[in-house]
Amino acid sequence: RMRYHSFSSQQIKDYLVEPYRLAYAQGGLYLQAFVPQYNEMRTFAAQRIEQAVALEETFSPVADAPSDVFPHSLGAFSGTPEPVVIEFSAAEAPYVRERQWHASQQIDDLPEGRIRLTLNVVIDWELQAWVMGFGPAARVIAPEAFASRIVESLEETRATYLRTE
């Protein structure tokens, strides 16, 4: 049983969990646990666990427990993966090509030295920050909703920098 500060709901919640693993990713420690109340695996940031008590009860592991830590994310997130297509400029292409960003990646050559990177990943904060880190050298082609989310974030960022206080 644990008490956890949830950023998504901005509440402190009590959970009964079936812990599976601790994982270190992106500079933080995470607990992956099955939550019977929701009938699903959840990820909890260890620094937001306010209290934890080991119970005498035991549990049988769920059959579909993930074998990899955050298998569908570039960061420390869980969720349902979906195809993401990003095009990179010729100047950035060699840097993108030389690394494996995700196990699902596929790189296709485009005219004028550009490349298209296709990933099957969770569209999460980490992916957005990664794409935005390339600045104008990267352009999300699909899904359209993800591209729109980046445009909104860029507009908000621009407005922040234009404020004079």
Quick one: CD on Glu152 to CD on Gln128, what's the gap to the nearest 0.5 Å?
9.0 Å

Has Arg42 got more than 12 heavy atoms of other residues, nucleotides or ligands less than 6.0 Å from its CZ?
yes

Any side-chain heavy atom of Arg3 within less than 4.5 Å of one from Ile12?
yes

Interatomic spacing from OH in Tyr30 to CZ in Arg21 - rounded to 0.5 Å
15.0 Å

Tell me if the CD atom of Glu112 is crowded by more than 12 foreign heavy atoms within 6.0 Å.
no

Would the distance check show the side chain of Tyr4 and the main-chain N or O of Ala45 forming a donor-acceptor pair, the cut-off being under 3.5 Å?
yes

Pair Val84, Leu127 - check side chain to side chain contact (heavy atoms under 4.5 Å, CB included), show working.
CA-CA 10 Å; Val84 175; Leu127 177 66; 4.1 Å; yes

May I ask you to check whether over 12 heavy atoms, not counting those of Gln100, lie within 6.0 Å of atom CD?
yes

Cluster question for you: counting only ILVMFWY and a side-chain heavy-atom cut-off of under 4.5 Å, with indirect links fine, are Ile123 and Val85 together?
no

To the nearest 0.5 Å, how far apart are NZ in Lys13 and OG in Ser6?
5.0 Å

Calculate, to the nearest 0.5 Å, the distance between atoms CZ and CD belonging to Arg158 and Glu156 respectively.
13.5 Å

Under 6.0 Å from the six-membered ring centre of Tyr95 and within 45° of its axis: does the NZ or CZ of Arg99 meet both?
no

Output yes when a side-chain donor or acceptor of Arg48 lies under 3.5 Å from a complementary backbone atom of His5, and no otherwise.
yes

Would a hydrophobic clustering, with Ile, Leu, Val, Met, Phe, Trp and Tyr connected at side-chain separations under 4.5 Å, put Trp130 with Leu154?
yes

Any link between Ile49 and Leu22 through a network of hydrophobic side chains (Ile, Leu, Val, Met, Phe, Trp, Tyr) touching at under 4.5 Å?
yes

Distance in Å, Asp109 CG paired with Ile115 CD1, rounded so as to fall on 0.5 Å steps:
8.0 Å

I want to know whether Phe34 and Phe59 have ring centres closer than 6.0 Å.
no

Within the 3.5 Å criterion, strictly below it, is a donor on Thr160 or Thr157 matched to an acceptor on the partner's side chain?
no

Looking at residues at least two apart in the chain, or sitting in another chain, which of them share a salt bridge (Lys or Arg N to Asp or Glu O under 4.0 Å) with Glu87?
Arg114, Arg116

Ser104 and Val121 have their tightest heavy-atom pair at OG-CG1, 4.3 Å

To the nearest 0.5 Å, what is the distance between CD (Gln37) and CG (Asp14)?
10.0 Å

If Ile, Leu, Val, Met, Phe, Trp and Tyr residues are connected whenever their side-chain heavy atoms lie under 4.5 Å apart, and connections chain through other members, are Val35 and Leu55 in the same group?
no

For Pro83 versus Pro143, what's the shortest heavy-atom pair and its separation?
O-CD, 3.5 Å

Contacts of Arg149 that satisfy salt bridge (Lys or Arg N to Asp or Glu O under 4.0 Å) - sequence neighbours left out:
none

Can you sort out the partners of Ala138 under side-chain contact (heavy atoms from CB on, under 4.5 Å), two or more places apart, ordered by chain and number?
Ile86, Phe88, Val131, Phe134

Are Leu110 and Trp101 joined in one hydrophobic group, where the rule is that I, L, V, M, F, W and Y side chains link up if heavy atoms are under 4.5 Å apart?
no

Specify the closest pair of heavy atoms between Pro36 and Glu18, including all atoms of both residues, with the distance to one decimal.
CG-OE2, 3.6 Å

Taking the side chain as every heavy atom from C-beta outward, state whether Leu29 and Gln47 have any atom pair closer than 4.5 Å.
no

What one should report as the nearest heavy-atom pair of Ile107 and Val96 is CD1-O, 4.3 Å

Counting C-beta onward and ignoring hydrogens, is there a side-chain heavy-atom pair between Arg139 and Ile141 closer than 4.5 Å?
yes

More than 12 heavy atoms of other groups within 6.0 Å of Glu144 CD:
no

Counting only N and O atoms by type, is there a donor-acceptor contact under 3.5 Å from the side chain of Gln105 to the main-chain atoms of His102?
yes

Taking all heavy atoms of Val17 and all of Met2, pick out the closest pair and write down the distance.
CG1-CE, 4.0 Å

Could you report the tightest heavy-atom contact between Ala33 and Pro19, atom names first, then the distance?
CB-CA, 3.9 Å

With heavy-atom distances below 4.5 Å as the criterion, would you say the side chains of Met41 and Tyr20 are in contact?
yes

